[in-house]
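Residue numbering restarts at 1 for every chain, and letters A, B, ... go by the order of the sequence lines. Predicted, not measured: the structure shown is a model, and the values here were computed from it.
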Amino acid sequence: MAEMTVLEAVRTTLAEAMERDDRVLILGEDVEAGGVFRATDGLAGRFPGRVIDTPLAESSIIGVSIGLAHYGMRPVAEIQFADFIHAGFDQLCSEASRWCYRTCGDAWLPMVVRAPWGGGVHGGQHHSQSIEAFYGHIPGIKVVVPSFPADYRSLLRAAIEDPNPVLFLEHKRTYRLIRQEVDGAPAETRIGRSRIARRGEDVTIIAWGLMLHEALAAAEQLAAEGVECTVVDLLSVQPLDRETICEAAKATGKVLIVHEDTLTGGFGAEIAATIAEEAFEYLDAPIRRLCGPDIPSMPYHPAMEHFFMPDRERIAAAARELAAY
Amino acid sequence: MANPETGGGTHPGYPLTREQLLEMYRFMVLARRLDERMMTLQRQGLAAFVIAGAGQEAAQVGAAMALRPGIDHVAPYYRDLAVNLVFGMTAREAMLNALGKRDDPNSHGRQMPAHWGNRSRRIVTQSSVVATQLLHAAGIALGARLRGEELVVFASCGEGSTSRGDFHEALNFASIHRLPVIFFVENNGYAISERTEKEMAVEHVADRARGYGMHGAVVDGMDAVAVYQTVKAAADQTRRGGGPHLIEAKCYRLWPHSSDDDDTRYRPRAELEEWSKKDPILVMRGRLLEDGAATEAQLAELETSVQEEVREAAQWALQQPDPAPEDALGFVFKEAD
């Protein structure tokens, strides 16, 4: 068993996919040189002609990927930071998401768009954003948000093999921070399942990305105080695993949703509404959301960045309050 | 005059046989009659919306006949009914599309009419958002290059689309990789009500080709043969690795933008009358007669047969099933094989 970082999991999975299927290719800014995070390091040399540097133009990265996928290739596009994907919003939302729908399945797009997202790296307003709510709102695109290296492996493989557009979000703070021992082959999995990462009887915490790790740390801290938490690793925003979410909510009757994105209209609102609709009678407390404040962007200065992002202490405090409710 | 492409039987003066010229004319007349019948259906309250290509038939048919259906891909725009006809769409299918019927092969009633798409015919599905298809064309061409398939991708748009970022990004990308794409701009002079002077500060869209490092050409879009010759030469060149081409066909939209548009608000009648004299169908008809490719009687027979085909297609399509309401739910995602 070898230990692997999130970044190594991404790189390994890309290499395996390209090895296995010669229709898989990578395109994006700086990908030939390995990318700013080194996610595609070494791949251009190993797979000549299949790692393609693009102009700095997100609409073209996604639009060209649509053409490639329509033709029968398996493009994996990289958007250098999720914050810049909005220049390709139209191609993703007006085109890619509807390709299968508007042709009644006559045409479809097996394509992946990878994007590093999230804060905690002093990236300021345009290198820290959470984008899952924008794209999770669009039927026709799958949005995946893994937290652990093993899930990165299995879900990135599933995303590349999926016949639909998949937005694969990689939390950039976790790239080198999170390590895990992983077996040789990635687990067979399908997109759209969440997982109970920890079981406890008092409070259910639902989180994804970096916040999942903070939630697990908070749960550890609370366990020492006698408060036992269930922690749901969301893994997938679209499709949303309503069943796992609601079962976890019913089991504790108290729910805390944690995300980095700003509060209003964040994806936590959808999860809260789902629980309210399907598990209301099991609830023992109002559903609580712990999120970024409603300000336009994450500030640059570390003190303000820290203020913006929920962390294990704040998660523990919120869960403690819920447990005592 | 012998034609190296067709191996003889060529009509004098043209790189086309007499049969091809008549076929060209037939597609043009078919497109016009379909447009007219669709507009009638709209006025009768049987069709909700029509967006026609009247005036642009020469550009569309001339270009599409220079391509190879079944091999080349087309990423058309909404006015390109005639391109679709050349690539195999039948009059009946066009009518199913106009009426949003269940069996419309383009979108089965999910899109507004004139949003074409048929994978087996290599016609790329498109949305109402303009210029997006130019990037899809570049992607298809890149895919074909990687798979070693020799083909041309024909991507068309109106001149209004050339203001969008996707137009720039597509030309830039295709040119960097010298992809086999023909960007074909049907410049009809108007983006709904806005004249070209409000759209661009250069006289010709094709002037921009040089800025992207690609071939550019302006062609008389009211002359199907001229368009054919220009696109054929470009297709041959780009197929052999000569890089993308930007071709601007100067044409004119003889009708309003759509069935919902009142063009009397913005378009001088005198201008319309002047252009109507250059109606591409009249131009083509005159050429066929002048050059002796057909007699009045032969053309009249062809026109009557097209008229009958369109009438029958509309009658048939009206009887075809509508989608069921719950058909709206399917195909959000493609199921894995």
Side-chain angles (χ1 to χ4, degrees), chain A residues 22-23 25 27 49-50 52-75 77 87-88 90-91 93-111 138-142 158 161-165 190-192 238-239, chain B residues 73 75 102 104-111 115 117-120 122-129 131-147 149 151 153 155 164-166 168-170 172-174 176-177 179 181 323 327-337:
Chain A
D22 66 5
R23 297 171 300 177
L25 71 154
L27 63 161
R50 291 166 62 195
I52 301 169
D53 273 347
T54 64
L56 198 162
E58 288 76 12
S59 192
S60 83
I61 294 170
I62 296 167
V64 166
S65 296
I66 289 173
L68 283 162
H70 178 82
Y71 181 77
M73 305 298 283
R74 299 287 181 269
D90 186 45
Q91 284 287 353
C93 297
S94 302
E95 306 293 333
S97 72
R98 304 175 188 186
W99 210 259
C100 180
Y101 184 78
R102 75 187 184 205
T103 63
C104 271
D106 181 47
W108 62 94
L109 298 175
M111 59 184 275
I138 311 293
I141 305 175
K142 297 186 179 181
E161 290 176 356
D162 200 291
N164 298 285
R190 70 179 176 86
I191 294 168
Q238 167 82 274
Chain B
H73 289 254
R102 186 192 69 187
D104 161 39
N106 297 281
S107 78
H108 302 265
R110 290 180 169 201
Q111 293 223 73
H115 291 66
N118 192 313
R119 197 159 177 267
S120 62
R122 299 199 161 192
I123 298 163
V124 185
T125 172
Q126 82 255 211
S127 74
S128 307
V129 185
T132 50
Q133 74 274 20
L134 308 178
L135 283 165
H136 308 155
I140 291 167
L142 180 60
R145 158 86 53 82
L146 290 165
R147 302 309 274 180
E149 192 184 3
L151 52 76
V153 187
R164 293 201 78 234
D166 279 3
H168 165 76
E169 293 190 22
N172 192 42
F173 192 96
I176 288 167
H177 293 278
L179 296 174
V181 185
D327 287 350
L329 294 175
F331 297 107
V332 175
F333 290 112
K334 168 87 176 160
E335 297 296 325
D337 295 328

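Interatomic distance, B/His115 NE2 to A/Arg102 CZ, rounded to the nearest 0.5 Å: 8.5 Å. Going from atom CG of A/Asn164 over to atom NZ of B/Lys334 covers 9.0 Å, rounded to the nearest 0.5 Å. For the atom pair CZ (B/Phe333) and CG (A/Leu109), the distance works out to 12.0 Å, reported to the nearest 0.5 Å. Within the model, atoms CD of B/Glu149 and OH of A/Tyr71 stand 3.5 Å from one another, a figure rounded to the nearest 0.5 Å. To the nearest 0.5 Å, atoms CD (A/Gln91) and CG (B/Leu135) are separated by 5.5 Å. Note that the CD atom of B/Gln111 and the CZ atom of A/Arg98 stand 8.5 Å from one another [nearest 0.5 Å].
Proximity of A/Pro55 to B/Glu169: side-chain heavy atoms (C-beta onward) are nowhere separated by under 4.5 Å. Using a 4.5 Å heavy-atom threshold, the side chains of B/Val124 and A/His70 count as touching. The closest side-chain heavy-atom distance from B/Glu335 to A/Trp108 is not below 4.5 Å. Side-chain atoms of B/His177 and A/Val64, non-hydrogen and from C-beta on, never get closer than 4.5 Å to each other.
With a 4.5 angstrom heavy-atom cutoff, B/Arg164 touches chain A only via side-chain atoms. With a threshold of 4.5 angstrom between heavy atoms, B/Ala328 approaches chain A through its backbone and through its side chain. Proximity to chain A is absent for every atom of B/His168, based on heavy atoms less than 4.5 angstrom apart. Only the side chain of B/Ile176 comes within less than 4.5 Å of a heavy atom of chain A; its backbone N, CA, C and O stay farther away. If you measure heavy-atom distances from B/Leu142 to chain A, the contacts under 4.5 Å come from both the backbone and the side chain. With a 4.5 angstrom heavy-atom cutoff, B/Arg147 touches chain A only via side-chain atoms. Within the 4.5 angstrom heavy-atom criterion, atoms from both the backbone and the side chain of A/Arg23 approach chain B.
Taking A/Ala69, A/Cys104, A/Pro139, A/Ala87 one by one and counting their heavy-atom pairs under 4.5 Å with chain B, the maximum is reached by A/Cys104. Of the listed residues (B/Thr125, B/Val332, B/Asn106), the greatest number of heavy-atom pairs within a distance under 4.5 Å of chain A belongs to B/Thr125. Residue with the most contacts toward chain A among B/Ala144, B/Gly165, B/Ala170: B/Ala144 (heavy-atom pairs, distance under 4.5 Å). The greatest number of non-hydrogen atom pairs below 4.5 Å with chain B, out of A/Asp22, A/Ile62, A/Ile52, A/Leu27, is found for A/Asp22.
In this view, A/Asp106 satisfies the salt bridge (Lys or Arg N to Asp or Glu O under 4.0 Å) rule with no residue, not counting sequence neighbours.
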Should B/Arg119 and A/Thr103 be marked as a side chain to side chain contact (heavy atoms under 4.5 Å, CB included) after you check the CA-CA gap, both sets of side-chain angles, and the distance that decides it?
-> CA-CA 9 Å; B/Arg119 197 159 177 267; A/Thr103 63; over 6 Å; no

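Closest approach of B/Ser127 and A/Ser94 over heavy atoms only: CB-O, 4.0 Å. Shown here for A/Ser59 and B/Asp166, the closest heavy-atom pair between the two residues is OG-OD1, 2.5 Å.
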